[in-house]
Amino acid sequence: MDETAAKKRLKFLSLEIKANDALYYQEDAPILSDAEYDALRHELIELEAQFPHLIAKDSPTQDVGAKPSGKFGKIEHTVAMLSLDNAFTDEDVTDFCSRVKRFLSLPEDAPMAFTAEPKIDGLSAALRYEQGVLVTGATRGDGRMGEDVTANLRTVNNIPHQLKGRGWPDVVEVRGEVYIDHADFEAMNAAQLGAGKEPYKNPRNAAAGSLRQIDSAVTATRPLKFFAYTWGEISAPISETQMGVVERFAQWGFDTNPQMKRHENAAQMIAHYHEIEERRAGLGYDIDGVVYKVDELALQERLGFVSRAPRWAIAHKFPAEKAITTVAAIDVQVGRTGALTPVARLAPITVGGVVVSNATLHNEDEINRLKLRVGDTVEIQRAGDVIPQVLRVIGDIEGRGEDYQLPLECPVCGGVALRDMDAKTGKQDVVRRCSNGLSCPAQAIEGLKHFVSRRAFDIDGLGAKQIELFYQKHWVRQPADIFILNFEDISKLEGFGQTSADNLKAAINARRTIGFARALYALGIRHIGQGNAELVAKHYLSWAKMQSALIEARSHIGEAWADLISVDGMGEAAAGSLVDFFNAPNNAAMIDALLKEVKIIDAEAPSSDSPVSGKTVVFTGKLEMFSRDEAKARALSLGAKVSGSVSAKTNILVAGPGAGSKLKKAQELGIETLTEAEWLARTS
Ligand code: IVH
């Protein structure tokens, strides 16, 4: 290529990459696959290497480390913004109602009111009003920390700057969904096309991109709307029921959803769901299901939360959208836990407004159940943010045998790939895993990507691409290496400059102190997701205490093990995986190295001012005033530990009628015993 052609091509590549960066980071609407985008960048880097004197100051290679997010300030949610559990069938809904009643120790046929309202497919926002005046507005973020988009939310037409009427609490945080309706979305896209720009993928992406504009004057030109449906911090109660609160929201000047209704039982809720499903296309905005909530707030309070979702609500999702396409190839990917996952490469097809070109095939048994072959026509489905799946092969599969087999060696490192035997059931695990652990590059790289990801160490400017590059250069092979990177070397890399190296250094240094739960989640231990990491952190409070307890529990027996599996909400599989991880010699060295670089902050003991905080409580006998689950959940939320057996460590025994040997033992040990009523009096 001669210099003139190179100049032209460089200009083209640079503009193309910037446009795609904007679509990805600002609009949340990428149009290129990662591979296509990488190819553009690669070509640019190569060409700039050939013609270094043509490198433009504003070339995208000069600011790889620049922060895409972090453009807004942060707002901490004093009341966490949670997610919802899902129901997919009518039966899931009846189960939900039964579960709620069982938890509250009410008979199955007890009357109980639930609200039902559409689940809006937008993005949630929290609006804080003080003395009736809008003071801040935030996105959900990770549920605990959101982005400060106050200026942008103020431009949304139906968000009041001053609450109407009277009687609002001094502080009230109104939460709901920001969305764009169908008519406005069509108009927006017509304008985009008219201006020669790429149309938005769907209303949700358009709404997300519009709300996260740096310039609120741009947001002001976007047709955003808001439905209010829940609340966060409030300085005084608003009503006694869910419905009552939403009615007050309407009086204060918010739009609330006209489809919201109150029902007395599961049958009415389900009927309402099907009615909304039928009217879905005519509502004028995207919804992806119906949300049911226990109406009485006192009951919501008793029901509380599990991990990240309330026990008193559930989202009944609409069936996934389906489409038909062909399978071009079956590739095998190796994930963070070494799982070999077959992936179907598809002829690209639009499903529910999004172009799909890959679908997971889960494992080899699944391929054989489908009797799938490359070249087949298949029906696929895509639901929400879930990875698309292949449902069935279309056409004649008669006579096809079960002959798909994943490679017996890891396609990345060549290590043996095995299907484990479950010790308990004696059955073979469906997943085939590479047995090379972190010495397999795929596992190491995926593990490192997870380590720096948003919900883990959240290091700005250190994403998948940089991790891959640093791994290949042998600069980052384990988490601790991130903290001893040589920034001088980095500043000399193609695509980096002094500024991005400095930014990266600052972003890494900002994470040298980190919360317990985040640090634990970042390690990517099987079964230890965010929820379990939080449970573990709240249980042990300090990292050092956790480590010594897990080492003591190494044989999966004894007190330390019993203590770990008594953590409410954590199963034995998660406990086992956690213990094994901390007892593996390689991991111990990896964690030691990390602890030399990073200070892990102790978790906070939940409500330490409660009279039972830090106490170990045992419930025994037939409980009549509350269910065992409720008793346990309440004790845990007040910072107590709940144990199944009485020992010298027990502080309080709560004994219902018919208590036997545990009561006797507690009395012998001189442990305080309470009746159910006494327990309630102490804890409410
Ligand atoms: S209630 C504690 N109601 O769904 C419960 N959420 O999957 C808080 N959403 O993050 C949520 N419509 O963004 C609720 N009518 C509705 C909703 C709704 C949409 C979204 C919301 C939330 C997500 C949870």
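Ligands are counted one by one from 1 in listed order, and the atoms in each one are counted from 1 as well.
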| query | Centres of the Y129 and W252 rings: under 6.0 Å? | reply | no
| Is the distance between the ring centroids of F516 and Y540 less than 6.0 Å? | no
| query | Is there any side-chain hydrogen bond (donor to acceptor under 3.5 Å, both in side chains) pair reaching into residues 237-248, and which pairs are they, with sequence neighbours excluded? | reply | Q242-Q300
| remark: For residues 515-529, the side-chain hydrogen bond (donor to acceptor under 3.5 Å, both in side chains) pairs (sequence neighbours left out) are D142-R518
Could you pull out every N or O of ligand 1 that sits under 3.5 Å from a protein N or O, with the distance for each pair?
residue	atom	partner	partner atom	Å
ligand 1	3 (N)	K293	NZ	3.1
ligand 1	4 (O)	K119	NZ	3.2
ligand 1	9 (N)	Y229	OH	3.3
ligand 1	12 (N)	I120	N	3.0
ligand 1	13 (O)	S124	OG	3.3
ligand 1	13 (O)	E177	OE1	2.8
ligand 1	13 (O)	E177	OE2	3.3
ligand 1	13 (O)	Y229	OH	3.4
ligand 1	15 (N)	E117	OE1	3.1
ligand 1	15 (N)	P118	O	3.2

| message | Once rounded to the nearest 0.5 Å, what's the spacing between atom CE of M260 and atom CD of E117? | response | 4.5 Å
| request: With sequence neighbours left out, write down each residue that passes ring pair (Phe, Tyr, Trp, His ring centres under 6.0 Å) with Y285, or none if nothing qualifies. | output: Y179, F227
